[in-house]
There are 2 protein chains.
Amino acid sequence: MCERCNYAEMLEGHGVDPTPLRQAVLRSIGEESRPLAAVEIIAAVRDQMSINKVTLYRILDLLVDRGLVKRLSAGDRAFRYGMGETRHHPEHPHFVCSQCGVMECLEPDLLPAGIRKFQIKGKRIIKHVDVRFEGICESCLKARM
Amino acid sequence: MCERCNYAEMLEGHGVDPTPLRQAVLRSIGEESRPLAAVEIIAAVRDQMSINKVTLYRILDLLVDRGLVKRLSAGDRAFRYGMGETRHHPEHPHFVCSQCGVMECLEPDLLPAGIRKFQIKGKRIIKHVDVRFEGICESCLKARM
DNA sequence: TTGGGCTTGCAACTCAGTTGCATACACATT
DNA sequence: AATGTGTATGCAACTGAGTTGCAAGCCCAA
Ligand SMILES: [Mn+2]
Ligand SMILES: [Mn+2]
Ligand SMILES: [Zn+2]
Ligand SMILES: [Zn+2]
């Protein structure tokens, strides 16, 4: 998210006790520009303190449940975790590199305008739309030459 | 796909030996109107003949590789497998019920027009776009009342 | 008839995440 | 102070979906 975010305040604002581990998990996600896999989050947290992987997954569940974090599907078997939507961080599509698997955030204006208007279609309730671009990322492109 | 599809011919046309198991896997996928999880495909095939799960996954890999089948992400941990694109079966978005997990195919015209035009963006190569609507399906809606 | 490649099966494995249960700590009640 | 109650974390074992290694069966070619 941003360097001046107060993660403890964000947690408290969502009714979550801001324990050191929860702050560290949220900070690790917030300080990256792209959504991270659990294995990346655990590595980042462990640079500063010790954490068990079950605790990490429980914290992630809690943060996703409270809307602080968004669980994203990258098209492989591991979820990615990125910051939830706020006014400073609007909904946006993502890009996944089919070679190295990295997920990147794209500009919100790449979300096709009006994608929200398909709200009722054949008696379903549509809650949200997930748009994922797939291809080859810049760094994999460079490595090919 | 359709009842009059000749699955053996489709396999041969893509350079794949049309063994009974491969035909049964492709037929199981083609006869459904929605993409299936591997566990559903194996159940469908086993209604007619015996198959080992490793064989199923190897056949799925092969069919995906040849473009006969498309591997889709439903936002959970199990892939779904649906028929690949042809002239009779154009690209289309999907819907996933966040309650029961079922994936359904939506009309191709729900794909936002012009979504293909984001072909070059920030030095990435974009190969395709995956649009997935999430919400509550008709049958889960009924069951709520 | 022998040999190679393709197809399938079985056992064991991997990876990402989950469950069960125990321990530790905080804070409230007596 | 002693006790209880809930919350946070850890550890071991488990699960589900898919993968790997290797062996066996089959087909056709030399
Ligand atoms: Mn993002
Ligand atoms: Mn479909
Ligand atoms: Zn890449
Ligand atoms: Zn449903």
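Values reported hereafter were calculated over all heavy atoms of this structure, with side chains retained and with hydrogens, waters and symmetry mates removed. Lettering of chains follows the sequences in order, A, B, ..., and the numbering in each one begins at 1.
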Taking side chain as C-beta onward, heavy atoms only, is [X] less than 4.5 Å from [Y]?
{"X": "A:L106", "Y": "A:H92", "result": "no"}
{"X": "B:R34", "Y": "B:M103", "result": "no"}
{"X": "A:L36", "Y": "A:R80", "result": "no"}
{"X": "A:L21", "Y": "A:I59", "result": "yes"}

Value in whole Å for how far the [atom2] atom of [N] lies from [atom1] of [X]:
{"X": "B:R77", "N": "D:dT15", "atom1": "CZ", "atom2": "C1'", "answer": "10 Å"}
{"X": "B:E40", "N": "D:dG18", "atom1": "CD", "atom2": "P", "answer": "11 Å"}
{"X": "A:D17", "N": "D:dG6", "atom1": "CG", "atom2": "C1'", "answer": "12 Å"}
{"X": "A:R66", "N": "D:dT7", "atom1": "CZ", "atom2": "C1'", "answer": "12 Å"}
{"X": "A:I42", "N": "D:dG10", "atom1": "CD1", "atom2": "P", "answer": "9 Å"}

Test side-chain contact (heavy atoms from CB on, under 4.5 Å) on B:C137 and B:C100 and set out the steps.
CA-CA 8 Å; B:C137 76; B:C100 69; 3.8 Å; yes
Under a single-linkage definition using a 4.5 Å side-chain heavy-atom cutoff for Ile, Leu, Val, Met, Phe, Trp and Tyr, are B:M49 and B:V54 assigned to the same hydrophobic cluster?
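No; B:V54 is not reachable from B:M49 via cluster members.
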With a 4.5 Å cut-off on side-chain heavy-atom distances among I, L, V, M, F, W and Y, is there a chain of contacts connecting B:M83 to B:V102?
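Shared cluster, no.
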Could you tell me which non-hydrogen atom of [X] sits nearest to which non-hydrogen atom of [Y], and how far apart they are?
{"X": "B:Y57", "Y": "B:A38", "result": "OH-CB, 3.5 Å"}
{"X": "B:F95", "Y": "A:I125", "result": "CE1-O, 4.0 Å"}
{"X": "A:P35", "Y": "A:L72", "result": "CG-CD1, 3.6 Å"}

Can you pull out the residues from residues 51-60 of chain A that lie within a 4.0 Å heavy-atom distance of DNA chain C?
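Within residues 51-60 of chain A, the residues near DNA chain C are A:K53, A:V54, A:Y57, A:R58.
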Taking any atom closer than 4.0 angstrom to a non-hydrogen atom of chain A, what span of DNA chain C does the protein reach, first nucleotide to last?
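Span of nucleotides near chain A: C:dA16 to C:dG20.
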Begin from the C-alpha positions of B:E40 and B:S28 and carry the test side-chain contact (heavy atoms from CB on, under 4.5 Å) through to its verdict.
CA-CA 9 Å; B:E40 298 173 298; B:S28 299; over 6 Å; no
Output a table of nitrogen or oxygen pairs between the protein and nucleotides 27-30 of chain D separated by less than 3.5 Å.
none

